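What follows is a short report on a single structure.
Below, chain A is the first sequence line, B the second, and so on; all start at residue 1. On a predicted model such as this, the values are computed, not experimentally measured, just so you know. Atom set for the values below is all heavy atoms of this structure, side chains included, hydrogens, waters and symmetry mates excluded.
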Number of protein chains: 2
Amino acid sequence: MSLRHAVLGLLVQRPSTGYELAKLFDRSLMTAWHARHSQIYPELTKLESRGFVEVASEGPRSSRTWRITREGREELRAWLVEKEPSRIQRNESAVRLFFAGMLAPGDRQVACERDLAYVNEQIRMLEETREQVLAATPPQYFLPTIELGLRVNAVYRDWLQEQIDQAEHEAGEIHD
Amino acid sequence: MSLRHAVLGLLVQRPSTGYELAKLFDRSLMTAWHARHSQIYPELTKLESRGFVEVASEGPRSSRTWRITREGREELRAWLVEKEPSRIQRNESAVRLFFAGMLAPGDRQVACERDLAYVNEQIRMLEETREQVLAATPPQYFLPTIELGLRVNAVYRDWLQEQIDQAEHEAGEIHD
DNA sequence: CGCATCATGTAAGCTGTTACATGATTAT
DNA sequence: ATAATCATGTAACAGCTTACATGATGCG
């Protein structure tokens, strides 16, 4: 179960409330795993009952800051190193791209342009995050994954632009 | 719901049995969406009740070959072009890479080498598929997505090799 | 005072996994 | 014969989404 280990991983970075974890899932982890607060709060309770997390402090508005325990770190390490990864992926955008080639050129262009706008926005956000991470001393452990995200998104950007150019070309041919 | 539209998309390619669709999910669509036969058979029944697919023929072993209807094609097109895509992704391997930077160099190297072996195998399979698709006349609509898969996997391969080299270097420093 | 944000939680319903269950056909 | 593959289906359970529900704190 990735949710459990994603929560443990985020708590290694910094003790956090459930609310903060929900924001981190939306920001740092968005392209890897997604989780809502309605899943995160019950998961924290489960992780506590297994001894993997504990309440570090209580704050205003009945907030609780959770921290990972030694057992939690061991569980995370075992998952990362010893457990055979599941290669199953679920990516709606990839399903769309797979079938985009069946569309008429005009429709295909519309679909690819929408994706290109999204990819460019992702690149912008990753560049922004990279600046912040580089400014921290020492740079945080996930700097290489930001670099990876930038490279993968550059591939998507170039490929989408090629598909758009190709679709424009095909649309032109029809009217010749 | 991507499962529904992935089934419709696969049926545009070629009328298929549920069993064949399950194999296609494992092969062509593996990096985009995953589905088991226990989900595919009930989904075909639902799609039939909505008029999006119909039985094209019945064969041996109580097999039924399904084909997409005109209404099904319209539904698929509307989904691809008009519906705002969900950008939610679930990718356990990406979660692992995100947290790999927290591991000790030796552990990180083990994790990255396992992924590199997988990525190299993916590249081998994509190259094989590309040859088959290029041999077909005319080349099938999903040729560009195979090219995209190859480019993305090349990025992963190079990045993983860099992480492995870096981890080896760090491991060396410790013993200096 | 009112709005945005912080903060947590539960319930109903849908989606997806694993396991169970059955049987036909083909190849060795 | 018997093993592998083809072929379909259901049930129990786990995971995830959407909606409901509540209230505190900080800012303008």
Side-chain angles (χ1 to χ4, degrees), chain A residues 1-8 10-11 14-27 29-30 32-50 53 55-66 79 83-92 95, chain B residues 1-8 10-11 14-27 29-30 32-50 53 55-66 79 83-92 95:
Chain A
M1 222 254 275
S2 296
L3 171 65
R4 171 168 309 140
H5 298 98
V7 167
L8 290 176
L10 291 172
L11 290 180
R14 178 185 324 111
S16 310
T17 64
Y19 187 83
E20 286 166 340
L21 289 171
K23 280 194 297 182
L24 287 168
F25 270 97
D26 267 358
R27 292 168 196 176
L29 270 174
M30 63 195 158
W33 207 263
H34 188 260
R36 304 276 160 95
H37 77 268
S38 59
Q39 231 186 326
I40 292 165
Y41 290 118
E43 188 59 41
L44 283 166
T45 312
K46 274 185 227 163
L47 284 167
E48 187 189 32
S49 74
R50 290 173 190 224
V53 303
V55 174
S57 64
E58 305 199 5
R61 285 172 273 201
S62 57
S63 70
R64 275 173 296 170
T65 299
W66 299 88
W79 183 74
K83 210 200 149 216
E84 192 59 29
S86 160
R87 302 297 179 178
I88 290 172
Q89 290 188 35
R90 276 174 218 285
N91 181 341
E92 184 179 310
V95 175
Chain B
M1 219 254 275
S2 296
L3 171 65
R4 172 169 308 140
H5 299 98
V7 167
L8 290 176
L10 291 172
L11 290 180
R14 178 185 322 112
S16 310
T17 65
Y19 187 83
E20 286 166 340
L21 289 171
K23 280 194 297 181
L24 287 169
F25 269 97
D26 268 357
R27 292 169 198 177
L29 270 174
M30 63 195 159
W33 207 263
H34 188 260
R36 303 277 159 98
H37 77 268
S38 58
Q39 231 186 327
I40 292 165
Y41 290 119
E43 187 59 41
L44 284 167
T45 311
K46 274 185 226 163
L47 285 167
E48 187 190 31
S49 74
R50 290 173 190 225
V53 303
V55 175
S57 64
E58 305 199 5
R61 285 172 274 199
S62 56
S63 71
R64 273 173 299 169
T65 298
W66 298 88
W79 184 74
K83 210 199 149 216
E84 192 59 28
S86 160
R87 302 296 180 177
I88 290 172
Q89 290 188 36
R90 275 174 219 286
N91 182 340
E92 183 179 310
V95 175

From [atom1] of [X] over to [atom2] of [N], roughly how many Å is that when rounded to an integer?
X	N	atom1	atom2	answer
A:Glu92	D:dT17	CD	C1'	14 Å
B:Leu47	C:dT15	CG	P	12 Å
A:Glu48	C:dT8	CD	P	13 Å
A:Lys46	C:dT10	NZ	P	12 Å
B:Arg36	D:dC13	CZ	C1'	15 Å
A:Leu3	C:dT15	CG	P	20 Å
B:Tyr41	D:dT10	OH	P	12 Å
B:Glu43	D:dG9	CD	P	13 Å

### Query
Do B:Glu43 and B:Gln39 have side chains that get closer than 4.5 Å, going by heavy atoms?
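In short, these two side chains do not touch, never coming nearer than 4.5 Å.
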
So which nucleotide from [options] ends up closest to the side chain of [X]?
X	options	result
A:Met1	D:dT17, D:dC16, C:dT8	D:dC16
B:His37	C:dA19, D:dT17, C:dT10	C:dA19
B:Arg64	C:dT25, C:dT17, D:dT8	D:dT8

### Message
Using only atom types and a distance under 3.5 Å, with no angle test, would you say the side chain of B:Arg36 pairs donor to acceptor with the backbone of B:Ala22?
### Response
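Checked: no pair found.
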
#### Entry: Exam field: side chain A:Ser63 to backbone A:Arg61, donor-acceptor pair closer than 3.5 Å
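Not at all, since once roles are kept as given, no pair shorter than 3.5 Å links the two residues.
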
### Message
At a heavy-atom distance below 4.0 Å, what parts of residues 17-27 of chain B sit against DNA chain C?
### Response
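Hits under 4.0 Å, by residue number: none.
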
### Query
Has B:Arg61 got a side-chain N or O lying under 4.0 Å from the OP1 or OP2 atom of D:dG9?
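No, outside the criterion.
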
### Task
Starting at CZ of B:Arg64, measure out to OH of B:Tyr41 and round the result to the nearest 0.5 Å.
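B:Arg64 CZ to B:Tyr41 OH: 9.5 Å, rounded to 0.5 Å.
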
### Query
NA contact type, B:Arg90, heavy-atom cut-off 4.0 Å: base, sugar-phosphate, or nothing?
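It contacts sugar-phosphate atoms only.
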
### Query
Which residue lies toward the 5' end of DNA chain D, B:Ser38 or A:Ser62, if each is placed at its nearest nucleotide?
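Looking at the nearest nucleotide for each, B:Ser38 comes out on the 5' side.
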
### Message
Can you work out whether A:His34 or B:Thr45 has the more 5'-proximal nearest nucleotide on DNA chain D?
### Response
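Its nucleotide being nearer the 5' end, the pick is B:Thr45.
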
### Task
Go through the steps for A:Arg4 and A:Arg50 under the test side-chain contact (heavy atoms from CB on, under 4.5 Å), then give the verdict.
CA-CA 11 Å; A:Arg4 171 168 309 140; A:Arg50 290 173 190 224; 3.8 Å; yes

### Task
Test for a donor-acceptor pair under 3.5 Å between the base of D:dT8 and the side chain of B:Ser63, counting only N and O atoms.
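Looking at the base of D:dT8, it does not pair with any donor or acceptor on the side chain of B:Ser63 (distance under 3.5 Å).
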
### Message
Please evaluate residues B:Trp66 and B:Val55 with respect to the criterion side-chain contact (heavy atoms from CB on, under 4.5 Å), reporting the C-alpha separation (whole Å), side-chain torsions for both, the decisive distance (0.1 Å), and the verdict.
### Response
CA-CA 5 Å; B:Trp66 298 88; B:Val55 175; 3.7 Å; yes

### Task
Kindly determine whether A:Ile88 and B:Met30 satisfy side-chain contact (heavy atoms from CB on, under 4.5 Å), including the steps that lead there.
CA-CA 7 Å; A:Ile88 290 172; B:Met30 63 195 159; over 6 Å; no

